[in-house]
Amino acid sequence: MAYNDLREWISALERAGELKRIRVEADPILEITEIADRVSKSGSQTAAAGGPALLFENVKGYPGSTLLINQFGSARRMQMALGVDSLEAIADRLRLLTEVKSPQGLLDKIKMLPMLADLGKFFPKTVSSGPCKEVIRKGDFSLLDFPVLQCWPQDAGRFITLPCVISRDPRTGKRNLGMYRMQVYDARTAGMHWQRQKVGAEHYREAMRRAQIAAAAAGEAPPGSPSTSAVDIMARTSGGSRVADGPQPPGKLEVAVAIGTDPVLTFAAIVPSPPDVEEFLIAGFLREKPVELVKCETIDLEVPASAEIVLEGYVNLDELRPEGPFGDHTGFYSLGDLYPVFHVTCITHRKNPIYSTTIVGKPPMEDAWMGKAVERIFLPLMRLTIPELVDINLPIEGVFHNLMIVSIRKSYPGQARKVMHAIWSLGQAMFTKCVVVLDEDCDVQDLREVTLRVFNNIDPERDIQFTLGPVDSLDHASRLPDFGSKMGIDATRKWPAEGFTRPWPDEIRMDSATQEKVDRMWKSLGID
Ligand SMILES: Cc1cc2nc3c(=O)[nH]c(=O)nc-3n(C[C@H](O)[C@H](O)[C@H](O)COP(=O)(O)O)c2cc1C
Ligand SMILES: [Mn+2]
């Protein structure tokens, strides 16, 4: 049962006792962050961690406006958002899809029918209009009309923190939906913080390549201008897309931004899907209902029809501007850097739009629960490339890119190292700074067990693997922005075939006969 829009989701939250309306005036500058932060961290030692979603109905300076925050802020709400009682249910549906084999007979074919019918629900539908068009503002619009937060004291300004950013691949025409924060510079411009390894940044680079090739073909390449090979352009871009030398011919990439969609679509914007798989499709799969899209007014893109707010606009290919610092989900401020600038050409919205937002900072915050959902849902997909993978755990304090703990079914020498390298080459898992590999009988969700095993089982000099590669743009410790070292710890039991010839001791376990005997006598001992 899918929610059609943010409002149905808010009603469901309210009915479930998962939402608090706040009628006291609260300031979008710092104050709402402090409130939401305290709520995020309430009861954080249990699975039900994270207090309720908050609907601010009296935002200082924005009379009549409404602001939603912490909608995903607990394991339970994350499940509700995805319409399941357990994230395993989604993992199971994915597993079914990935395990498809050719049907052996009629019975097999019949069994496959529900799955094939399911497939039809994935694809987005273009509709002629929708609630996001209730108010269309082509001339009189301003980003400052919405209660955009300044989250933390040293932030560079106000940031739109939960935007679903839509762009089209100039090469394939496929659309991407990614969540990239946007610093509001003024009424009509904002930063576009797609990090360089993300799909939006690749669309931008592709548009740059095309503009350069077109300019060269038209003989407009300025004297001494750099070569237009893709490799060269890549080499000269950094941060989001900095052009370090040589002029970039003018041009633009159209971009649309949806704020306040149904929760599945918002979640789909953070999912690290393969670059060529449209997130609209993923949302359709997760919702079990197609996403409805409408055409934009001023650009050639489609946006979710039921979005609360839609920003239409473009980024110039030859314009970058300092973005950040911004208090980030690492618990530190991410440093300022140069990023493209989003220019708004039109804003459409629902009547009395609800501004949907989040804050990031020291974990746990609501993005922790979104990340945990990604972890569970992606396990079956990771197994397609790393079949020996039994389970994974990205502890919340590892802020997702710093630490991944995995267990594997080890069948040949050196396999733990093979798994590390596979993780470092798998989509956004490439950012993982530390990978810890354990044998299949270790419950990686139990950090005490993990600690006991890892540090007992390693000979550090022998079992640690260092390598170099891309790191998350948010990493403030790496030797260079976006590039640094990684560490893998092979905490599996070592084999003679790996050069370990000493005996490996058994773990201590009491025999079951003694355990059962003590169970029976337990009460009589009078200890409890
Ligand atoms: C609240 C939140 C904020 C995020 N902000 C950014 C951001 O500013 N820049 C960025 O590159 N990724 C950001 N991310 C992560 C991306 O959304 C994520 O990597 C996503 O998979 C990118 O989509 P893409 O693969 O289509 O590029 C954020 C994630 C969350 C949950
Ligand atoms: Mn994507």
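Computation of the quantities below employed the complete heavy-atom set of this structure, encompassing side-chain atoms and omitting hydrogens, waters and symmetry-equivalent molecules. Because the structure is a prediction, the values reported are computed rather than measured.
Between the side chains of Asp37 and Ser40, not a single donor N or O lies within less than 3.5 Å of an accepting N or O. No side-chain N or O of His401 forms a donor-acceptor pair with one of Gln428 less than 3.5 Å apart. Neither side chain, Ser407 nor Glu440, offers a donor N or O lying under 3.5 Å from an acceptor on the other. When only modelled atom types and interatomic distance are considered, Asp482 and Ser473 share a side-chain donor-acceptor pair under 3.5 Å. Using modelled atom types and a 3.5 Å distance limit, the side chains of Thr345 and Glu312 yield no donor-acceptor pair. If you check the side chains of Ser411 and Glu388, you find no donor sitting under 3.5 Å from an acceptor. With no hydrogens or angles considered, no side-chain donor-acceptor pair links Gln465 and Asp490 at under 3.5 Å. For the residue pair His343 and Thr189, no side-chain donor N or O sits within less than 3.5 Å of a side-chain acceptor on the partner. In the model, Gln212 has a side-chain atom that pairs as donor or acceptor with a side-chain atom of Gln248 under 3.5 Å.
Side-chain atoms of Val255 and Met192, non-hydrogen and from C-beta on, do get closer than 4.5 Å to each other. Counting heavy atoms from C-beta on, the side chains of Thr161 and Val360 never come closer than 4.5 Å. Under the 4.5 Å side-chain criterion, counting only non-hydrogen atoms from C-beta, Lys362 is not in contact with Glu397. Contact of the Leu320 side chain with the Tyr339 side chain is not registered, since no non-hydrogen atoms from C-beta on lie closer than 4.5 Å. Taking the side chain as every heavy atom from C-beta outward, Trp424 and Val435 approach each other to under 4.5 Å. Under the 4.5 Å side-chain criterion, counting only non-hydrogen atoms from C-beta, Ile69 is in contact with Ile359. With contacts defined as side-chain heavy-atom distances shorter than 4.5 Å, the pair Ile423/Ile386 qualifies. Looking only at side-chain heavy atoms (C-beta outward), Val406 and Val444 stay at 4.5 Å or farther from each other.
Looking only at distances, no side-chain donor or acceptor of Asp155 sits under 3.5 Å from a matching main-chain atom of Gly157. Under the 3.5 Å distance criterion, the side-chain polar atoms of Thr432 are left unmatched by any main-chain donor or acceptor of Cys434. In terms of modelled atom types and a separation under 3.5 Å, the side chain of Glu31 and the main chain of Pro28 share no donor-acceptor contact. A donor-acceptor pair under 3.5 Å is formed between the side chain of Glu254 and the backbone N or O of Asp300. Of the possible donor and acceptor atoms, one in the side chain of Tyr204 sits under 3.5 Å from a partner among the backbone N and O of Asn316. The closest donor-acceptor contact from the side chain of Asp262 to the backbone of Leu6 lies at 3.5 Å or more, if one exists at all. Using a distance-only test at 3.5 Å, with no hydrogens or angles considered, a donor-acceptor pair links the side chain of Asn457 to the main chain of Ala491. With hydrogens and angles ignored, the 3.5 Å screen pairs no side-chain donor or acceptor of Lys486 with any backbone N or O of Val471. Using modelled atom types, no side-chain atom of Asn176 and backbone atom of Ile166 make a donor-acceptor pair closer than 3.5 Å.
Using a cut-off of 4.0 Å between Lys/Arg side-chain N and Asp/Glu carboxylate O, Lys433 and Asp475 are scored as salt-bridged. Ion pairing of Arg209 with Glu202 is present here, as a side-chain N (NZ or NE/NH1/NH2) and a carboxylate O approach within less than 4.0 Å. For Glu366 and Arg77, the salt-bridge test fails: no basic side-chain N is under 4.0 Å from an acidic carboxylate O. Salt-bridge check for Arg175 with Glu278: passed, with a basic side-chain N closer than 4.0 Å to an acidic carboxylate O. Using a 4.0 Å cut-off between a side-chain N of Lys or Arg and a carboxylate O of Asp or Glu, Glu302 and Arg168 qualify as a salt bridge. Under a 4.0 Å N-O distance rule, the pair Asp463/Lys494 qualifies as a salt bridge.
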- Give the intermediate values and the outcome of side chain to side chain contact (heavy atoms under 4.5 Å, CB included) for residues Val450 and Leu438. CA-CA 8 Å; Val450 168; Leu438 291 123; 4.1 Å; yes

_Please determine whether salt bridge (Lys or Arg N to Asp or Glu O under 4.0 Å) holds for the pair Asp337 and Arg321, giving the CA-CA distance in whole Å, both sets of side-chain angles, and the decisive distance to 0.1 Å._
CA-CA 8 Å; Asp337 199 352; Arg321 183 169 167 172; over 6 Å; no

As a quick check of understanding, evaluate side chain to side chain contact (heavy atoms under 4.5 Å, CB included) for Leu474 and Phe431, giving each step before the final call. CA-CA 10 Å; Leu474 305 185; Phe431 297 126; over 6 Å; no

Determine whether Asp328 and Tyr333 satisfy the following criterion, side chain to side chain contact (heavy atoms under 4.5 Å, CB included), listing intermediate values before the conclusion.
CA-CA 5 Å; Asp328 228 310; Tyr333 286 93; over 6 Å; no

**Message:** Assess the residue pair Leu468 and Phe483 against the criterion (side chain to side chain contact (heavy atoms under 4.5 Å, CB included)); give the C-alpha distance rounded to whole Å, side-chain angles, the decisive distance to 0.1 Å, and a yes or no.
**Reply:** CA-CA 8 Å; Leu468 288 167; Phe483 178 65; 4.2 Å; yes

Intermediate values then yes/no, salt bridge (Lys or Arg N to Asp or Glu O under 4.0 Å), Asp391 and Arg383:
CA-CA 10 Å; Asp391 198 9; Arg383 284 208 191 101; 5.8 Å; no

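The one candidate from Thr492, Asp443, Asp441, Asp446 that meets the side-chain hydrogen bond (donor to acceptor under 3.5 Å, both in side chains) condition with Arg453 is Asp441.
What you find for Pro263 and Tyr3 is that their closest heavy atoms are CG-CD1, 3.7 Å. Here the closest non-hydrogen pair linking Leu13 and Ala53 is CD1-CB, 4.1 Å. Nearest heavy-atom pair across Ile464 and Arg417 is O-NH1, 4.0 Å. Shortest non-hydrogen contact noted between Leu162 and Gln71 is CD2-NE2, 3.5 Å. Taking each heavy atom of Val264 and Ala81 in turn, the nearest pair found is CG2-O, 3.3 Å. When all heavy atoms of Pro353 and Ile309 are compared, the closest pair comes out as CB-CG1, 3.7 Å.
Between Phe159 and Phe326, the distance separating the two ring centers is shorter than 6.0 angstrom. Between His476 and Phe332, the gap from one ring centroid to the other is short of 6.0 Å.
Taking a 6.0 Å sphere around NZ of Lys418, one finds it holds more than 12 heavy atoms contributed by other residues, nucleotides or ligands.
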